[in-house]
S.K.: 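Have a look at this one.
Numbered from 1 within each chain, the chains take letters A, B, ... in sequence-line order. This one's a predicted model, so the numbers in the text were calculated from it and none came from an experiment.
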Protein chains: 2
Amino acid sequence: MENTEKTQQFIEVCGLYFEGIGLTRIAGRIIGWLLICEPPHQQQSELVEALGASKSSVSVALKDLTMLYLVERVSFPGDRRTYYRTAKDMWSRSFRARMHQLTELRLLSERGLEALQDATPERRKRLSFMRDMNGFMETEFPRMLDAWDKIKKDKGYDDL
Amino acid sequence: MENTEKTQQFIEVCGLYFEGIGLTRIAGRIIGWLLICEPPHQQQSELVEALGASKSSVSVALKDLTMLYLVERVSFPGDRRTYYRTAKDMWSRSFRARMHQLTELRLLSERGLEALQDATPERRKRLSFMRDMNGFMETEFPRMLDAWDKIKKDKGYDDL
DNA sequence: CGGATGGTTCGGTATTGACCGAACTCAACG
DNA sequence: CGTTGAGTTCGGTCAATACCGAACCATCCG
């Protein structure tokens, strides 16, 4: 497959971005590549080729990405090879993952409040605020996702 | 200041949480401590004492946290020491930081689309979707924050 | 049974960076 | 002045981990 200067850059920036949010650089590059490649499903050897990474790195990165539901495995009848492509719900999935951080924060605040059970309301205020704000976001977030789901259909993105 | 088993645990969990989202463990512990301490403003030496960390680590962690607007410096007339406390807007600040990640993702997708200028719409679809979804979230997110801002007032959290 | 192809696991290397202790700077005060 | 306290900067150490190459496993063909 062709590989222009610009696509190459795109892949690198992807690598850096996803590395920045906690994945590895190679995993990020894989995502980048899977976002632009044709066809959209690729086998490991193709990724190795396209990214100039080692078989082993690609193998483990794909396993991680699959675990995170960012990438999914695909197979075709009469072909024993495994292909990979960006997962159907990868984006809403990662939004939900982020939402989960909200929950963690709320739980954290509740834990703190428990530790300060007998303290004055004034002292507990910082934690109460933290709990309430994250609780609010926790309920609003799914609303946003639902709203997007509707728009998504209208825009003809059903299959993504 | 007293330091029970439970508060100690809270601080450690905070350390781990914030380490998990990209800060250092010590920075996380500082946040944890500043969320529950009395008075809510502390000087470096008190943090060193409370957390059992070194002066240097606390110094650099506080600098980082201050740069990120998660913690702010406070001073009092007639007292030349510097105190630190959780920043007034630390939570909305970190929400906005997260929102910024949405923007980065959208820009990333636009970069990819540019690289695929001459490709078929079908091939560009993955990136178009990514751009549109993040764009949508980018506009909805501030709405959520505004909504919270109103509720916040009603709940008597004006000063946080 | 080879042998080729596709993929995983393992050991080692090299980089990164968090943290600490010690040395240093700077003020204020005796 | 020197001393004390508050804070920063520097150098070094230690732990974590991303990545690679090589060895290994499995499955299908001739």
Side-chain angles (χ1 to χ4, degrees), chain A residues 11-34 37 39 41-68 70-85, chain B residues 11-34 37 39 41-68 70-85:
Chain A
I11 291 166
E12 285 314 308
V13 180
C14 268
L16 293 170
Y17 175 82
F18 286 101
E19 186 177 27
I21 63 166
L23 301 179
T24 69
R25 191 172 299 185
I26 286 193
R29 285 199 270 239
I30 289 178
I31 292 178
W33 177 252
L34 289 180
C37 61
H41 51 87
Q42 303 272 117
Q43 49 176 333
Q44 287 199 190
S45 55
E46 291 173 308
L47 293 171
V48 167
E49 164 83 10
L51 304 177
S54 74
K55 273 206 304 180
S56 51
S57 304
V58 170
S59 173
V60 55
L62 281 175
K63 189 158 80 179
D64 294 352
L65 289 171
T66 308
M67 292 288 95
L68 293 168
L70 295 177
V71 154
E72 49 190 22
R73 292 152 49 84
V74 203
S75 64
F76 298 96
D79 184 342
R80 60 200 164 80
R81 279 168 298 188
T82 308
Y83 296 85
Y84 294 87
R85 69 167 174 223
Chain B
I11 292 166
E12 285 313 309
V13 181
C14 268
L16 292 172
Y17 176 80
F18 286 100
E19 186 178 26
I21 62 166
L23 300 179
T24 69
R25 191 174 298 186
I26 286 192
R29 285 200 271 241
I30 290 177
I31 292 178
W33 177 252
L34 289 179
C37 62
H41 50 88
Q42 303 272 116
Q43 46 176 14
Q44 286 200 189
S45 55
E46 291 173 307
L47 292 171
V48 167
E49 164 83 10
L51 305 178
S54 74
K55 273 206 303 178
S56 50
S57 304
V58 170
S59 173
V60 55
L62 280 175
K63 190 158 80 178
D64 293 351
L65 289 171
T66 309
M67 290 289 94
L68 292 168
L70 294 178
V71 154
E72 52 190 18
R73 292 151 51 83
V74 203
S75 65
F76 298 97
D79 185 343
R80 59 198 167 81
R81 278 168 300 187
T82 307
Y83 297 85
Y84 294 86
R85 71 168 172 221

S.K.: In terms of the nearest nucleotide of DNA chain D, which residue is placed more toward the 5' end: A/Ser56 or A/Arg80?
M.R.: A/Ser56
S.K.: Using OP1 and OP2 only, check whether a side-chain N or O of A/Ser54 sits under 4.0 Å from D/dC20.
M.R.: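 For A/Ser54, the contact criterion (side-chain N or O under 4.0 Å from OP1 or OP2 of D/dC20) is met.
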S.K.: For the side chain of A/Arg81, counting heavy atoms from C-beta on, which of C/dG6, C/dC19, D/dA6 is nearest?
M.R.: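 Selected nucleotide (nearest to the side chain): C/dG6.
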S.K.: Nearest-Å distance, CD1 (A/Ile26) to P (C/dT15)?
M.R.: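 For the pair A/Ile26 CD1 and C/dT15 P, the rounded distance is 16 Å.
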S.K.: Return the nearest nucleotide to the side chain of A/Ser57; candidates are D/dG7, C/dC19, D/dC20.
M.R.: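 Nearest nucleotide to the side chain: D/dC20.
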S.K.: By the 4.0 Å heavy-atom rule, please label A/Thr24 as base, sugar-phosphate, or nothing.
M.R.: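 Sugar-phosphate: the residue A/Thr24, judged by heavy atoms under 4.0 Å, touches backbone atoms but no base.
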S.K.: Counting just side-chain N and O atoms, does B/Gln44 come under 4.0 Å of either OP1 or OP2 of D/dT8?
M.R.: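 So the side-chain polar atoms of B/Gln44 do come within 4.0 Å of the phosphate oxygens OP1 or OP2 of D/dT8, strictly under.
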S.K.: Kindly indicate whether the side chain of A/Arg85, heavy atoms from C-beta on, has any atom under 4.5 Å from the side chain of A/Gln42.
M.R.: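 Contact flag for A/Arg85/A/Gln42 side chains = no.
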S.K.: Whole angstroms only, please: what is the OH-C1' distance between B/Tyr83 and D/dG5?
M.R.: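 Computing the B/Tyr83:OH to D/dG5:C1' distance gives 13 Å.
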S.K.: Show your working on side-chain contact (heavy atoms from CB on, under 4.5 Å) between B/Leu70 and B/Leu23 and close with a plain yes or no.
M.R.: CA-CA 11 Å; B/Leu70 294 178; B/Leu23 300 179; 4.0 Å; yes
S.K.: Mapping B/Leu23 and A/Gln43 onto DNA chain C by nearest heavy atom, which one lands closer to the 5' end?
M.R.: A/Gln43
S.K.: Which label fits B/Phe76 and B/Tyr83: parallel for a plane angle under 30°, tilted from 30 to 60°, or perpendicular past 60°?
M.R.: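 Rings of B/Phe76 and B/Tyr83: perpendicular, as their planes differ by over 60°.
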S.K.: Roughly how many Å is it from CZ in B/Arg73 to C1' in D/dA6, rounded to a whole number?
M.R.: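 To the nearest whole Å, that distance equals 12 Å.
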S.K.: Is there side-chain contact between B/Arg25 and B/Leu16, with at least one heavy-atom pair below 4.5 Å?
M.R.: yes
S.K.: DNA chain D: A/Lys55 or A/Val58, which has the more 5' nearest nucleotide?
M.R.: A/Val58
S.K.: Between A/Ser59 and C/dG7, is there a side-chain N or O to OP1/OP2 distance below 4.0 Å?
M.R.: no
S.K.: For the pair made of NZ in A/Lys63 and C1' in D/dC19, what is the distance, rounded to whole Å?
M.R.: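 One finds 15 Å between C1' of D/dC19 and NZ of A/Lys63, rounded.
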